[in-house]
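Since we're looking at a predicted model, the values are computed, not measured. Start at 1 with the first residue, then count along the sequence.
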Amino acid sequence: KGNVQLEIKNNAILFVKGNINFEGSEENKIFINSDGSGSIIFENNNVILKHVNVENLGYPKLDRYILFGGLNFIKADVVLENIKVKNSNSEDAINLINSKTFLKDIFLENIYSDAIDVDFGSLRFNKVTCKEIKNDCVDISGAKTQGIKLSIDTSYDKGLSIGENADVNIKDISMKNSKVGIAVKDGSTAYIENIESINNDYDLAIFIKKKEYSNPNLKIKNFLKSEKKILQSKDSKLKIDNEII
């Protein structure tokens with residue numbers, strides 16, 4: 001329940017295989033803290049986290065698992081609402097593997113590498129905000145994704161990365177002060193509606209990174225920028241407001 005504080009330190013790992021609810025509230029949040037080494041794993045279960053603040057997690061060091069996230073979800077049914085993650089020291093602040101996930105009101109700040117990493121499974125979200133991300137805000141590989149409201153301020157690599165035959169449909173993206181706003185790669189199909197792009201090195205990148213995949217396909221409706229900075233491979237497919245690029 002609310003008003004609980006968990007301290008996961010000295011490379012400790014909280015490993016949960018049963019169904020579990022973290023039921024905080026706006027007035028009585030749950031706090032999870034570490035010294036940069038602790039981590040949490042959820043596997044084969046139903047997980048609900050609401051009104052939880054997470055700081056300074058590392059990643060789990062286990063022989064039988066290769067995981068690089070502070071919060072790791074494996075083959076889980078996941079609901080995350082009103083979650084704040086700050087000062088993550090892991091490769092992925094939130095790592096979703098073959099899971100069915102719903103995110104609502106998620107805020108991530110000062111993340112060492114990727115903020116949200118999605119490997120296969122499915123993802124739905126409503127309002128994800130990233131600020132000061134050292135790598136990607138959202139990295140999607142092979143997952144079917146639908147979302148509304150993605151806000152990115154300062155990603156040192158890609159704001160939104162889509163790869164490995166992912167199928168993505170997102171409405172309302174604001175991206176600024178990043179190296180690449182949106183990258184679509186390796187056989188992925190993406191439809192994006194309503195994009196605001198401010199002060200990014202590149203707005204879009206569309207290409208094949210891994211030779212075993214086919215050409216990516218990106219369709220955009222309502223791109224709120226007249227002069228767009230685009231990196232595009234010759235055989236990729238890009239359509240912006242009914243114009244084939």
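With respect to the salt-bridge test (charged N to carboxylate O, under 4.0 angstrom), the residues K149 and D172 do not qualify. For the pair K50 and E23, the salt-bridge criterion is not met [side-chain N within less than 4.0 Å of a carboxylate O].
Atom OH of Y213 has more than 12 heavy atoms from other residues, nucleotides or ligands within 6.0 Å. In K84, the NZ atom is not crowded: 12 or fewer heavy atoms of neighbouring residues, nucleotides or ligands sit closer than 6.0 Å. Counting non-hydrogen atoms of neighbouring residues, nucleotides and ligands closer than 6.0 angstrom, the NZ atom of K179 reaches no more than 12 such neighbours. When the shell of 6.0 Å around NZ of K228 is examined, it contains more than 12 heavy atoms from other residues, nucleotides or ligands. Remark: I244 CD1 is loosely packed, at most 12 non-hydrogen atoms of other residues, nucleotides or ligands lying under 6.0 Å away. Heavy atoms of other residues, nucleotides or ligands lying less than 6.0 angstrom from NZ of K229 number more than 12. Applying the 6.0 Å contact sphere to CG of N242 captures no more than 12 heavy atoms from other residues, nucleotides or ligands.
By the 4.5 Å heavy-atom criterion applied to side chains, T145 and I162 are not counted as neighbours. Side-chain atoms of V54 and I40, non-hydrogen and from C-beta on, never get closer than 4.5 Å to each other. At a threshold of 4.5 Å between non-hydrogen side-chain atoms, the residues N98 and K75 count as touching. Looking at heavy atoms from C-beta onward, D157 lies out of side-chain contact with D114 at the 4.5 angstrom threshold. Residues I245 and I206 are not in side-chain contact: their nearest non-hydrogen atoms beyond the backbone lie 4.5 Å or more apart. Taking the side chain as every heavy atom from C-beta outward, S34 and N89 never approach each other to under 4.5 Å. Side-chain contact between V47 and F73 is present, with heavy atoms from C-beta onward closer than 4.5 Å. For the pair K221/Y191, a side-chain contact is recorded, criterion being any heavy-atom separation below 4.5 Å from C-beta on.
Each of S151, S197, C130 was checked for a side chain to side chain contact (heavy atoms under 4.5 Å, CB included) with M175, and the lone residue meeting it is S197. Evaluated for a side chain to side chain contact (heavy atoms under 4.5 Å, CB included) with V52, the options I32, L6, L71 yield exactly one hit, I32. Each of V16, I74, D77 was evaluated against N45; a single residue qualifies, V16, per the side chain to side chain contact (heavy atoms under 4.5 Å, CB included) test. Between L204 and the choices L231, L238, V180, the side chain to side chain contact (heavy atoms under 4.5 Å, CB included) rule is met once, by L238.
Remark: K237 NZ to K219 NZ distance equals 9.0 Å, nearest 0.5 Å. Here the straight-line distance linking atom CG of N222 with atom CG of N194 works out to 4.5 Å at 0.5 Å rounding. A distance of 12.0 Å separates CD1 in I198 from CD1 in I152, rounded to the nearest 0.5 Å. How far CG of N87 is from CD of E132: 11.0 Å, rounded to the nearest 0.5 Å. Interatomic distance, NZ of K144 versus CD1 of I140, reported as 12.0 Å (0.5 Å rounding). With rounding to the nearest 0.5 angstrom, the CG atom of D167 is 10.5 Å from the CG atom of N217.
Following chains of ILVMFWY side-chain contacts shorter than 4.5 Å, one cannot reach F31 starting from I20, and the two form parts of different hydrophobic clusters. Hydrophobic cluster membership is shared by V4 and F22, with clusters built from Ile, Leu, Val, Met, Phe, Trp and Tyr side chains linked at under 4.5 angstrom. Taken together through direct or relayed side-chain contacts under 4.5 Å among Ile, Leu, Val, Met, Phe, Trp and Tyr, V78 and I41 form parts of separate hydrophobic clusters. Linking ILVMFWY residues whenever their side-chain heavy atoms come closer than 4.5 Å, directly or via other members, leaves I111 and L67 in distinct clusters. Criterion: ILVMFWY side-chain heavy atoms under 4.5 Å apart, direct or through other members. Under it, I230 and V168 are part of a common hydrophobic cluster.
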Discussion item. Walk me through whether F68 and D117 qualify under side-chain contact (heavy atoms from CB on, under 4.5 Å).
Written reply: CA-CA 10 Å; F68 299 103; D117 189 89; over 6 Å; no
Worksheet item: Can you check side-chain contact (heavy atoms from CB on, under 4.5 Å) on L103 and I116, steps first, answer last?
Response: CA-CA 11 Å; L103 306 178; I116 300 174; 4.0 Å; yes
Worksheet item: Passes salt bridge (charged side-chain N to carboxylate O under 4.0 Å, His left out), K209 versus D186? Steps please.
Response: CA-CA 6 Å; K209 182 178 180 181; D186 299 339; over 6 Å; no
Item to complete: Report the C-alpha distance between E212 and K210 in whole Å, list the side-chain angles of each, state the deciding distance to 0.1 Å, and finish with yes or no for salt bridge (charged side-chain N to carboxylate O under 4.0 Å, His left out).
Response: CA-CA 6 Å; E212 61 268 31; K210 301 176 181 178; 5.8 Å; no
Fill in: K158/N135 under side-chain contact (heavy atoms from CB on, under 4.5 Å): CA gap, chis, key distance, verdict
CA-CA 7 Å; K158 299 173 289 292; N135 205 51; 5.6 Å; no
Practice prompt. Decide side-chain hydrogen bond (donor to acceptor under 3.5 Å, both in side chains) for S174 and E196; before the verdict, give the C-alpha distance in whole Å, the side-chain angles of both, and the deciding distance to 0.1 Å.
Written response: CA-CA 5 Å; S174 173; E196 179 185 48; 3.0 Å; yes
Practice prompt. Please test V138 against F125 for side-chain contact (heavy atoms from CB on, under 4.5 Å), starting from the C-alpha separation and ending with a verdict.
Written response: CA-CA 11 Å; V138 180; F125 70 82; 6.0 Å; no
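Across all non-hydrogen atoms, the minimal contact from N19 to N46 is OD1-N, 2.8 Å. Looking at every heavy atom in both residues, L108 comes nearest to A93 through CD2-CB, 4.0 Å. Heavy atoms only, all atoms of each residue included: C137 and L150 are closest at SG-CD1, 4.0 Å. Between V184 and A190 the shortest heavy-atom distance is CG2-CB, 4.2 Å. The two atoms that bring N11 and K61 nearest to each other are OD1-NZ, 3.2 Å, heavy atoms only. Closest non-hydrogen pair, S90 versus G58, comes out as CB-O, 3.0 Å.
S99 places a side-chain N or O within donor-acceptor distance of the main-chain N or O of A76, the cut-off being under 3.5 Å. Of the possible donor and acceptor atoms, none in the side chain of N28 sits under 3.5 Å from a partner among the backbone N and O of S25. The closest donor-acceptor contact from the side chain of S113 to the backbone of E91 lies under 3.5 Å. Counting only distance, with no hydrogens or angles, the side chain of S161 and the backbone of D139 share no donor-acceptor pair below 3.5 Å. S188 places a side-chain N or O within donor-acceptor distance of the main-chain N or O of A166, the cut-off being under 3.5 Å. Between the side chain of T154 and the main chain of K131, no donor-acceptor pair closer than 3.5 Å is present. Within the 3.5 Å criterion, the main-chain N or O of S178 finds a donor-acceptor partner in the side chain of N200.
In this model, a donor atom of one side chain and an acceptor atom of the other lie less than 3.5 Å apart for N199 and N177.
Ring centroid separation for the pair Y59 and Y112 does not come in under the 6.0 Å cut-off.
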